[in-house]
2 protein chains.
Amino acid sequence: MTAGPYRDRSGKTLADYPRPSVAVDTAVLTLDERNGLVVLQVHRENERGWGLPGTFLHQGERLADAVKRSLKFKANVDGLAPRQLHVFDEPGRDNRGWVLSVAHVDVVRQERLAQRLPESTRLMPVDSPGRLSFDHADIIARALGYLRERYTRSPDPDHLLDDEFTIRELRLAHEQIAGTPLQRDWFRRTMEPQLIPTGVLSSRGRGRPAELFRRA
Amino acid sequence: MTAGPYRDRSGKTLADYPRPSVAVDTAVLTLDERNGLVVLQVHRENERGWGLPGTFLHQGERLADAVKRSLKFKANVDGLAPRQLHVFDEPGRDNRGWVLSVAHVDVVRQERLAQRLPESTRLMPVDSPGRLSFDHADIIARALGYLRERYTRSPDPDHLLDDEFTIRELRLAHEQIAGTPLQRDWFRRTMEPQLIPTGVLSSRGRGRPAELFRRA
DNA sequence: GGAATAGTGTCTATGAGACACTATCGT
DNA sequence: ACGATAGTGTCTCATAGACACTATTCC
């Protein structure tokens, strides 16, 4: 198949070049009843305290697969759609050696995190994620930007809510993500064309019952 | 300083993990009188035809520095501000082995590319960049998206024009980047608040002389 | 004068914010 | 009746597109 190893113009093969370790780190975001938008953290055993879940890339593995593997292993989460955010490459960022980290983001319903280990994982509000390395705070900020952009126009694209919901429930979820209150009437007018009415009324709250909708 | 190599919970050191080669590839965009928005390509010696300039990461090197080094070496360009676009990680994307590539984008005045080697480099229109690997076409598309976003609101942020220019010259440059004609009156009204009038008139064209402006 | 371009006035359509009103529940 | 929420009408303001008009140059 191949006529010996590839050599470049200086006669070096691929193996002659130094190679960094490559890791993935992921900000898994979800909505919490009490704390709003929260980020999954894991206790890193031989290291300092809490951090975002991550792993080293295995031989020939896709980055997205490494993300899925690390989350499956650490929080028993599947059905993920990790998305790249940024490569962190400061030479001194990891005291174990030369490690590049490809930061990712993913968004899941909190139920999907139910199987996680309660002692070695925690969910922290994105506003006050605790003491983390500079990298990880930056990853959370980028993840938040991504999520806010994603939720500006489309009704709950990541299915944080059930299949059916009232417009109020939808707006409260979007407000948690935006971090600011959203206008009630404008929000309805923007989202309603992207929703399918079910004709069924919900009386989960106090006032007039609201119609349940599905995503279009 | 360090108490032996780091070991994780399975007793492995960093060196026990497989490491991919890491490369950077860069879409350098510039404006050409005749061909509009063009992308710098280099002839890759032992490989197939033309591609975007790139290099392998050196030991402990920052990604941005590798980009600068590759462009300095291949096109004698400096004063760059490379920006990460995406990591390409398909296992079979490079027939030399397991190579991750971190795609970057940069935008420079064509004068900055004047010193490049005429036989081993070329400038191709972004619309018809020639035969490139799938990766590189994707990089160009992402670079274009980045540049268009950058040029929607701000007058020539990458200084593709001189310090002083007429609003017509500015608009023609923005049209090359947008790929569509921009409305003359609306463009002026959007950009003029971000410009400083010089009071000097230019009679470079045919019609009524236009005022020269600077960026605010 | 005519072509070409600069610079400006104004009308319209759209999206987003603001406010207010009616409607329908639980208590 | 009252508080609370749902759903809707309408006014305003900013932005963007469209069109048209005057102004000033070169030929």
Side-chain angles (χ1 to χ4, degrees), chain A residues 31 33 36 145 148-157 161-216, chain B residues 31 33 36 145 148-157 161-216:
Chain A
L31 275 182
E33 284 277 315
R148 284 183 176 158
E149 171 64 27
R150 212 172 142 70
Y151 269 67
T152 42
R153 301 211 159 259
S154 186
D156 188 26
L161 301 176
D162 291 332
D163 284 344
E164 298 191 353
F165 43 80
T166 66
I167 291 188
R168 176 185 167 79
E169 290 162 352
L170 181 66
R171 179 168 51 84
L172 293 177
H174 279 245
E175 284 177 350
Q176 295 290 345
I177 290 166
T180 60
L182 300 175
Q183 201 151 329
R184 190 174 64 92
D185 41 10
W186 170 80
F187 184 80
R188 163 178 282 270
R189 277 186 261 256
T190 312
M191 294 301 174
E192 201 166 351
Q194 307 177 59
L195 297 172
I196 298 164
T198 64
V200 181
L201 295 184
S202 150
S203 40
R204 300 178 199 171
R206 277 189 287 192
R208 169 175 166 180
E211 189 168 6
L212 289 172
F213 291 83
R214 285 184 223 273
R215 296 173 192 81
Chain B
L31 274 182
E33 284 277 316
R148 284 182 176 158
E149 171 64 28
R150 216 172 138 71
Y151 269 69
T152 42
R153 301 214 158 257
S154 186
D156 187 28
L161 301 176
D162 291 332
D163 284 344
E164 297 190 353
F165 44 81
T166 67
I167 290 188
R168 175 184 168 79
E169 290 162 351
L170 181 66
R171 179 167 53 83
L172 293 177
H174 279 245
E175 284 176 352
Q176 294 290 346
I177 289 166
T180 61
L182 300 175
Q183 200 151 330
R184 191 173 64 93
D185 41 9
W186 169 80
F187 184 80
R188 162 178 281 272
R189 277 186 261 255
T190 313
M191 294 301 174
E192 201 167 351
Q194 306 177 58
L195 297 172
I196 298 164
T198 63
V200 180
L201 295 185
S202 149
S203 38
R204 301 177 199 172
R206 275 189 290 194
R208 168 175 165 181
E211 189 168 6
L212 289 172
F213 291 84
R214 286 184 223 274
R215 296 174 192 81

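These numbers were taken from a predicted model, which means no experiment stands behind them. Here is the naming used below: chain letters follow the sequence lines, and residue numbers restart at 1 for every chain.
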Can you find a heavy atom in the side chain of B/Leu201 that is under 4.5 Å from one in the side chain of B/Leu212?
no

For residues A/Arg215 and A/Asp163, determine if any side-chain heavy atom of one lies less than 4.5 Å from a side-chain heavy atom of the other.
yes

Neighbours of DNA chain D within residues 206-216 of chain A, by heavy-atom distance under 4.0 Å
A/Arg206, A/Gly207, A/Arg208, A/Pro209, A/Ala210, A/Glu211

Show me the pairs that pass ring-ring contact (aromatic ring centres under 6.0 Å, His included) and involve residues 194-216 of chain A, at least two apart or across chains.
none

Mark yes or no for whether B/Arg171, through its side chain, and B/Arg184, through its backbone, hold a donor-acceptor pair below 3.5 Å.
no

Looking at A/Arg189, does any N or O in its side chain come under 4.0 Å of the phosphate oxygens OP1/OP2 on C/dT14?
no

Between atom CZ in B/Arg184 and atom P in D/dC21, what is the gap in whole Å?
14 Å

Figure out the CG/P separation between A/Leu201 and C/dA23, and round it to whole Å.
16 Å

Nearest-Å distance, CH2 (A/Trp186) to P (C/dT14)?
18 Å

Rounded off to whole Å, could you give me the CD-to-P distance for the A/Gln183 and D/dT12 pair?
16 Å

Closest non-hydrogen atom pair between A/Thr198 and A/Glu211, with its separation
N-OE2, 3.8 Å

Gap between atoms CZ and C1', on A/Arg153 and C/dT14 respectively (whole Å)
12 Å

Quick check: do B/Ile167 and B/Met191 have side-chain heavy atoms less than 4.5 Å from each other?
no

Nearest heavy-atom approach of B/Thr190 to B/Trp186 is OG1-O, 2.7 Å

Please report, rounded to the nearest Å, how far the P atom of C/dT5 is from the CZ atom of B/Phe187.
16 Å

Which residues in residues 167-175 of chain B have at least one heavy atom lying under 4.0 Å from any atom of DNA chain C?
B/Arg168

Compare every heavy atom of A/Gln194 with every heavy atom of A/Ser154, then report the nearest pair and how far apart it is.
CA-OE1, 3.7 Å

